[in-house]
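Have a look at the structure below, then the notes.
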Amino acid sequence: MTIHTPLNDDNARPAGAGSSSAAADDHVASYKADLSVNFAGIRAPNPFWLASAPPTDKAYNVVRAFEAGWGGVVWKTLGEDPAAVNVSSRYSAHYGPNGEVSGFNNIELITDRSLEINLREITQVKKDWPDRALIVSLMVPCEEEAWKTILPQVEATGCDGIELNFGCPHGMPERGMGAAVGQVPEYVEQVTRWCKTYSSLPVIVKLTPNITDVREPAKAAWRGGADAVSLINTINSITHLDLDRMVAHPIVGDRSTHGGYCGSAVKPIALNMVAEIARTPETANLPISGIGGISNWEDAAEFIALGAGSVQVCTAAMLHGFRIVEEMKDGLGRWMDSKGYQRIDEFSRAAVPNTTDWKQLDMNYQVIARIDQDKCIGCGRCYIACEDTSHQAILHLAKDNGTARYEVKDADCVGCNLCEITCPVEDCITMEVQDTGKPYMNWMEDPRNPHRAACP
């Protein structure tokens, strides 16, 4: 089979010419750090992978991604034939105040191309790019025979691993797949065990965030023999409505439906769920591929510090193109150099021990806001926020020239950070640690806790 490889905008290469990570870079690395990863036995030249989504739907896209320098891809979810049928339109967005896309909504289903075509393309791409991680996402009915049938076909492509799509929140759950499986730990465990029985490939279980406690399906995946988990999949969402037509976006005819929410807006939710799995004893050793709002190297570093061994990107690539990986790699490498990290595993999970339950926090720790008068522009945002919605801890003082001066009332400041957050000037308001002279004391030890004796 011949794959017609598109030319890059800046540097044309035929498929296979980039079969080493160095050949795929258009510039000499400006850092010394080694970005390579070994994730659940899957090696890649860097931790930046494209998530299973429209950008990985076919060889055309995947080859362009590898040429741009991505360390791996998760091929868009394959299913049984006949292939899924999609609707038009499929995407909508939630916009920030400056018109930027902060959240992205998607009602597209799994691949709408035949299994045979996908398998042929995966085989060829892996042959041409042997050093890149190529994971195949799968979703078939929750029946043992269905998995037993498709797994050998996928393994024959030479791919590096499989990712079980137990998270798709739209369309497929109505057919008993996707999140309909991921929301039931018993199903997660059962299907994972089938995959470990009928395939020798590493099995990554992709978890749904549309669940009360993400730790439960993660534990189930571990019990089923999963080699890793990936999370989060997209969140059930409706972004906005057309109030004239009284229908939500994206509009299909005169109706709509809930879709999967992703993009930078979901990052805080994803970070929390990754951390919960990383710090839970039963799943603490389970490799994690972090997904959810990763748009730059700092996002990636945060996911890695909270437990991820690789990161998957989708929305940022859809909005800005595959070349964003150059800045991601360069930024991460430079930061690692500045911190003295030679390899990613040197800071992986470094923040996990510092992430705990609220009841373990130090009740005697105290910070107070400080306003740098030389940097203050007198906008009054801190005062308004504190006066109207917080603790009335900022004074509004008139200056001789008619402008305002704002000062913190130490006795009333509880260190909530609201003024710092609302201030538009970087480092104008900082939180200063106070020496209380008191030792560490958590809520279980605090005499103000009326249930202290009963605390576990």
Side-chain angles (χ1 to χ4, degrees), residues 34-44 46-49 51 71-72 74 133 135 137-138 160-167 181-182 184-197 199-209 211-233 269-292 294 299-312 336 341-357 360 456:
D34 180 0
L35 300 187
S36 66
V37 295
N38 182 341
F39 178 79
I42 301 168
R43 297 184 180 276
N46 64 70
F48 297 103
W49 301 358
V74 182
I135 316 301
S137 176
L138 294 176
D160 299 295
I162 57 175
E163 182 181 81
L164 311 186
N165 186 342
F166 292 160
V181 177
V184 183
E186 293 79 8
Y187 294 169
V188 172
E189 181 178 351
Q190 181 182 57
V191 177
T192 302
R193 186 169 287 112
W194 290 340
C195 292
K196 292 302 296 181
T197 299
S199 174
S200 63
L201 292 171
V203 175
I204 305 168
V205 176
K206 190 172 186 178
L207 302 176
T208 176
I211 193 168
T212 303
D213 189 345
V214 75
R215 295 174 296 181
E216 294 309 310
K219 293 175 187 177
W222 178 252
R223 290 193 300 268
D227 298 280
V229 293
S230 59
L231 69 155
I232 59 174
N233 209 314
I269 298 169
L271 280 174
N272 173 64
M273 290 188 172
V274 165
E276 287 297 289
I277 292 173
R279 72 186 188 92
T280 297
E282 297 94 322
T283 54
N285 295 320
L286 192 60
I288 300 169
S289 186
I291 314 170
I294 298 166
D299 295 334
E302 290 174 10
F303 271 87
I304 293 169
L306 276 176
S310 70
V311 293
Q312 297 184 33
M336 289 174 63
Y341 297 127
Q342 297 180 356
R343 296 184 55 84
I344 283 176
D345 57 14
E346 293 178 13
F347 73 94
S348 177
R349 298 182 178 244
V352 175
N354 301 325
T355 307
T356 188
D357 296 332
Q360 298 290 349

Q: Identify the heavy atoms of L306 and A351 that sit nearest to each other, and give their distance.
A: CD2-CB, 3.9 Å
Q.
Determine whether a donor-acceptor pair (N or O, by modelled atom type, separation under 3.5 Å) exists between the side chain of R215 and the backbone of E282.
A. no
Q | Spacing of CG belonging to L231 relative to CD1 belonging to I204, to within rounding of 0.5 Å | A | 12.0 Å
Q. Nearest 0.5 Å, what's the CD-CZ distance between E189 and R223?
A. 4.5 Å
Q: For F48, check ring-ring contact (aromatic ring centres under 6.0 Å, His included) against everything at least two apart and list the hits.
A: none
Q: Evaluate the side-chain proximity of D213 to E276: yes if any heavy-atom separation is below 4.5 Å, no if none is.
A: no
Q: Kindly compute the distance separating CE (M273) from CG (N233), expressed to the nearest 0.5 Å.
A: 11.0 Å
Q.
Test your reading of the model: is there a side-chain donor-acceptor pair from T192 to the backbone of A221, 3.5 Å cut-off?
A. no
(Q) Minimum heavy-atom separation for I344 and P47, please, with both atom names. (A) CD1-CG, 3.4 Å
Q) V74 versus K206: any side-chain heavy-atom pair under 4.5 Å? A) no
Q) Does a side-chain heavy-atom distance below 4.5 Å link L271 with E302? A) yes
Q.
Distance check, rounded to the nearest 0.5 Å: I135 atom CD1 versus S310 atom OG?
A. 8.0 Å
Q. How about E346: does its CD atom have over 12 heavy atoms from other parts shown lying under 6.0 Å from it?
A. yes
Q.
Which label fits F39 and W49: parallel for a plane angle under 30°, tilted from 30 to 60°, or perpendicular past 60°?
A. perpendicular
Q: Report, as yes or no, whether the 6.0 Å neighbourhood of atom OH on Y187 holds more than 12 heavy atoms from other residues, nucleotides or ligands.
A: no
Q: Find the distance between CZ (F166) and OG (S230) and round it off to the nearest 0.5 Å.
A: 10.5 Å
Q.
Give me the atom names and distance for the closest heavy-atom approach of I232 to I269.
A. CD1-CG2, 4.3 Å
(Q) Minimum heavy-atom separation for A40 and D227, please, with both atom names. (A) CB-O, 3.8 Å
Q | Derivation and outcome, salt bridge (Lys or Arg N to Asp or Glu O under 4.0 Å), residues D357 and R279 | A | CA-CA 10 Å; D357 296 332; R279 72 186 188 92; 2.7 Å; yes
Q.
For P185 versus P217, what's the shortest heavy-atom pair and its separation?
A. CG-N, 4.3 Å
Q) Roughly how far, to the nearest 0.5 Å, is CD1 of I277 from CG of N272? A) 10.0 Å
Q: Decide side-chain contact (heavy atoms from CB on, under 4.5 Å) for I288 and R349; before the verdict, give the C-alpha distance in whole Å, the side-chain angles of both, and the deciding distance to 0.1 Å.
A: CA-CA 10 Å; I288 300 169; R349 298 182 178 244; 4.1 Å; yes
Q. Do V229 and T283 come within less than 4.5 Å of each other through their side chains, counting heavy atoms only?
A. no
Q | Donor-acceptor under 3.5 Å (D34 side chain, R343 main chain) | A | no
Q | Minimum heavy-atom distance between V181 and V188, given as atom pair plus value | A | O-CG2, 3.5 Å
Q: Inspect the contact between D160 and R43 and indicate whether a charged nitrogen and a carboxylate oxygen are less than 4.0 angstrom apart.
A: no
